[in-house]
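Take a look at the structure below.
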Amino acid sequence: NRDGRGISIARNSKDILSQYNIWEHISSEYGTMEKIIVTDGGTEGLLEFDNQLVGGEPLGYLIESDNILKGLCKKIFSSDITILDGKQCKEISAEGHSAKITLEGGETIESKSVIVTNGRQSGMASELGLESKSKKYNQVALVFNVEHAEPHNNSAYECFLKNGPFALLPLHNRNQSSVVWCEDPAILEMDIYDVDLEDHLKRRCGDIYSDVKILTEVSKFPLSLSHM
């Protein structure tokens, strides 16, 4: 299934991806941020970051998460990495200076290190005794793409409001942007947001873009912090 999120990649992160020959596998259809304009409560820009002050290179890039995943898969498939698809990990145990992984069916693998990356609700991490701590922010992020009459000119807008930040991030298409809209869950439960979301969006974007239309499905992500 399509994730729907746009991932903001800072210039330093792009350099790391290039260093490991991953960037070349990522689709060229990404947005570039040459200006970042920050406002507070809908007032005029309080801060403005311009790429001309740092050599003219983009300040960041906006890439759909699916394109990043496809790029990573292309890199893996073109390398000597072995993929064990469909084999569930049953146990991880430490033996001296190495770890032993036992797979479903009894097959074992020994390695100097093991990286557990199966999500914040990882059952394997719990079995290893890694305690997870979390904090809920009581915010929900709405994520979707929009089309607008004016070109974005590679500018990103970040507005900090009472119930959370609202951001417009430039996509590859000069008349399209990705929206990240953080809101109080109680407000989002009101029917008016389900029926007239586009009208609310137009009021939010009124000072930036006109004739704003939602292009994609609106995805909702409850926001929280989890760490070991």
Side-chain angles (χ1 to χ4, degrees), residues 1-10 13-14 26 29-33 35-43 45-47 49 59-70 72 117-122 132-148 152 154-173 175-209 212-228:
N1 293 331
R2 182 179 178 276
D3 185 292
R5 289 178 292 180
I7 306 297
S8 180
I9 301 291
S13 298
K14 184 257 186 182
I26 294 177
E29 293 190 359
Y30 49 75
T32 58
M33 289 178 268
K35 284 188 178 181
I36 300 176
I37 300 163
V38 181
T39 69
D40 183 11
T43 59
L46 298 177
L47 293 172
F49 302 92
L59 298 171
Y61 304 82
L62 189 77
I63 309 174
E64 289 198 23
S65 58
D66 300 290
N67 288 336
I68 295 178
L69 179 59
K70 290 175 183 177
L72 290 170
T117 61
N118 59 333
R120 60 183 177 179
Q121 303 296 333
S122 170
S132 175
K133 297 182 180 179
S134 62
K135 173 185 178 182
K136 293 184 178 180
Y137 288 114
N138 195 34
Q139 289 180 328
V140 173
L142 305 181
V143 180
F144 52 95
N145 294 345
V146 298
E147 183 178 60
H148 36 76
H152 53 56
N154 299 324
S155 295
Y157 294 87
E158 298 180 17
C159 183
F160 290 88
L161 304 170
K162 178 181 178 181
N163 291 330
F166 174 85
L168 287 162
L169 308 172
L171 291 169
H172 179 69
N173 186 310
N175 290 93
Q176 295 180 9
S177 295
S178 177
V179 173
V180 180
W181 182 348
C182 297
E183 191 56 90
D184 185 326
I187 293 178
L188 292 180
E189 290 176 0
M190 298 170 59
D191 292 340
I192 189 170
Y193 267 78
D194 291 329
V195 176
D196 300 319
L197 181 61
E198 197 165 85
D199 289 337
H200 285 275
L201 176 67
K202 288 177 180 178
R203 286 194 285 273
R204 284 280 174 96
C205 300
D207 295 334
I208 303 172
Y209 299 123
V212 181
K213 297 177 182 178
I214 297 175
L215 293 179
T216 62
E217 180 182 351
V218 178
S219 298
K220 298 180 181 181
F221 299 94
L223 300 182
S224 63
L225 172 67
S226 296
H227 62 92
M228 294 297 179

First locate atom CG of Leu225, then atom NZ of Lys133, and finally report the distance between them rounded to the nearest 0.5 Å. 11.5 Å
Between Asn154 and Thr32 the two heavy atoms that sit nearest each other are CB-O, 3.2 Å
Determine the minimum heavy-atom distance between Ile68 and Ile9, stating which atoms define it. CD1-CD1, 4.2 Å
Would you give the length of the straight line joining atom CG of Leu223 to atom NZ of Lys135, rounded to the nearest 0.5 angstrom? 12.0 Å
Specify the closest pair of heavy atoms between Ser178 and Leu62, including all atoms of both residues, with the distance to one decimal. CB-CD2, 3.6 Å
Can you name the nearest heavy-atom pair linking His152 to Tyr209, along with the distance? CB-OH, 3.1 Å
Between CG of Leu161 and CG of Asp184, what distance do you get to the nearest 0.5 Å? 13.0 Å
If the plane angle is over 60° it's perpendicular, under 30° parallel, otherwise tilted; pick one for Trp181 and Phe144. tilted
Show the nearest heavy-atom pair for residues Val212 and Lys202, with the distance to one decimal. O-CE, 3.1 Å
Return the minimal non-hydrogen interatomic distance between Gln139 and Gly164, and the atom names on each side. NE2-CA, 3.3 Å
Given the rule in the side-chain contact (heavy atoms from CB on, under 4.5 Å) test, do Asn67 and Tyr30 qualify, once you have shown the distances and angles that lead to the verdict? CA-CA 9 Å; Asn67 288 336; Tyr30 49 75; over 6 Å; no
Interatomic distance, SG@Cys159 vs CD1@Ile208, rounded to 0.5 Å, equals 7.0 Å
Quick one: does Glu198's side chain have a donor or acceptor within less than 3.5 Å of a partner on Ile214's backbone? yes
With side-chain contact (heavy atoms from CB on, under 4.5 Å) as the criterion, how do Ile7 and Tyr61 come out once you've worked through the C-alpha distance, each side chain's angles and the decisive distance to 0.1 Å? CA-CA 8 Å; Ile7 306 297; Tyr61 304 82; over 6 Å; no
Taking the side chain as everything from C-beta on, heavy atoms only, tell me whether Ser177 gets closer than 4.5 Å to His148. yes
Just how far is it from atom CG of Leu171 to atom CG of Asn145, taken to the nearest 0.5 Å? 5.0 Å
Between CG on residue Asn138 and CD on residue Glu183, distance to nearest 0.5 Å: 10.5 Å
